[in-house]
Amino acid sequence: GQQVMQIPQYQHVQEGEDFTTYCNSSTTLSNIQWYKQRPGGHPVFLIQLVKSGEVKKQKRLTFQFGEAKKNSSLHITATQTTDVGTYFCAAGNQFYFGTGTSLTVIP
Amino acid sequence: NAGVTQTPKFQVLKTGQSMTLQCAQDMNHEYMSWYRQDPGMGLRLIHYSVGAGITDQGEVPNGYNVSRSTTEDFPLRLLSAAPSQTSVYFCASRGQHNQPQHFGDGTRLSIL
């Protein structure tokens, strides 16, 4: 069954504010993947984290994998309207996704 | 590069009708899966396959059948459509068990 829980489900931010979504598992994960789905589109792979405590950055996006490999976060600095969409995490070796966080950015 | 191709993109059915959603990938991926996406429900796994001739059930398999006779194709069959199956359906594939998934553009299905 589903291994990962994601919070919050929805987030509205003013443009320029920061945003964070969290992914939590009750079991140790071998790796975790993050995806972004634009409105009306399909999920697109962003990044994969494998190592305990790993931190990766993609421009304004920062991804972290917890020390115990049971949680992960995606942080966006100074959101822009192009960040609008739903962000999903997935246990990398499973087919199951978290429920996603829908981000709305208010101009 | 075609990637994952889903057909049709849109479909309207009447209750009780049957149909097949097509999914094909040209990346020689072993792993393929079908998801449905409903508002507020995220991506729910319907069926998946880890190779030709091998399929298994996901979270919400009832009312759907799949087969995997070739590596490239993974069709999803609705046996007797019900309004509760109105959804957006995504097919995905990946090469190995820990690699990223590649998604098709989706099929938007309405059942009246």
Mark yes or no for whether A:E67, through its side chain, and A:E54, through its backbone, hold a donor-acceptor pair below 3.5 Å.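 Absent.
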
Any donor-acceptor pair under 3.5 Å from A:R60 side chain to A:T77 backbone: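 Looks like yes, one N/O pair under 3.5 Å.
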
Residue from A:Q9, A:Q6, A:Q37 scoring the most non-hydrogen pairs under 4.5 Å with chain B is A:Q37

Basic-acidic side-chain contact under 4.0 Å: B:K9, B:D105: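 Looking at B:D105 together with B:K9, the answer is yes, because their closest N to O distance falls below 4.0 Å.
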
Might you work through the side chain to side chain donor-acceptor pair (under 3.5 Å) test for A:T20 and A:H75, ending with a clear yes or no? CA-CA 4 Å; A:T20 305; A:H75 179 83; 2.7 Å; yes

Please classify the contact of B:F103 with chain A as side chain, backbone, both or neither, using a heavy-atom distance under 4.5 Å. both

Per-residue contact mode, B:Q37 against chain A (heavy atom under 4.5 angstrom):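 When you check distances to chain A, only side chain atoms of B:Q37 fall under 4.5 Å.
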
Atom group of A:F95 that falls short of 4.5 Å from chain B, counting heavy atoms: both

